[in-house]
Amino acid sequence: MEQKIRHSAQLSDNLRRLRYDNGYSQETLCAELQRNECDISRSTYAKYESNLMNIRVDVLVALQKIYGCDYSEFFKNVTSYSYGDLL
């Protein structure tokens with residue numbers, strides 16, 4: 001079973017910011033992800049950045065390795081929700 005992280009506008013913004021800050025286009029980033037054994041298409045990644053799809057945990061782990069950043073960078077300004085809000 002794939003593990004996914006619930007999407008949010010802030011998470012999507014952070015994904016885009018980190019990609020820009022590290023000098024990647026969506027296409028070159030996806031090529032780098034594939035070299036790191038994370039099979040993902042550019043159109044799927046675009047959905048993560050557009051807040052249209054939940055990001056898979058394995059993609060987040062691969063991005064952390066590529067960027068060499070702390071995981072907290074992905075979650076800057078992400079609002080926390082109580083369990084009841086997620087139902």
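Because the structure is a prediction, the values reported are computed rather than measured. Residues: numbered from 1 along the sequence shown.
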| Is Ser12 reaching over with its side chain to a backbone N or O of Tyr48, donor-acceptor style, under 3.5 angstrom? | yes
| Glu73 and its side-chain contact (heavy atoms from CB on, under 4.5 Å) partner, picked from Asp21, Leu18, Asn14, Leu63 | Leu18
| Taking C-beta and beyond as the side chain, do Leu60 and Phe75 meet within less than 4.5 Å on heavy atoms? | yes
| field | Rounded distance [0.5 Å steps], CG in Leu11 versus CG in Asn51 | value | 8.0 Å
| request: Tell me, please, which residues at least two apart from Tyr71 pass side chain to side chain contact (heavy atoms under 4.5 Å, CB included). | output: Val61, Gln64, Phe74
| query | Do side-chain atoms of Thr28 reach the backbone of Tyr24 as a donor and acceptor pair under 3.5 angstrom? | reply | no
| task | Start with the C-alpha gap between Tyr67 and Leu29, add the side-chain angles, then the distance that decides, and say whether side-chain contact (heavy atoms from CB on, under 4.5 Å) holds. | result | CA-CA 10 Å; Tyr67 296 148; Leu29 179 58; 3.2 Å; yes
| message | For the backbone of Ile40 and the side chain of Thr44, can you confirm whether one donor and one acceptor N or O come within less than 3.5 Å of each other? | response | no
| task | For Asn36 and Glu32, indicate whether the former's side chain and the latter's backbone hold a donor-acceptor pair under 3.5 Å. | result | yes
| said: Within the supplied structure, the quantity of interest is the number of heavy atoms (other residues, nucleotides, ligands) at a distance under 6.0 Å from Gln34 CD; does it exceed 12? | reply: yes
| field | Arg42 side chain to Gln26 backbone, donor-acceptor under 3.5 Å | value | no
| Looking at NZ of Lys47 and CG of Asn54, how far apart are the two atoms once the value is rounded to the nearest 0.5 Å? | 12.5 Å
| Closest heavy-atom pair and its distance - Cys30, Ser41 | SG-O, 3.6 Å
| Spacing of CD belonging to Glu49 relative to OH belonging to Tyr20, to within rounding of 0.5 Å | 6.5 Å
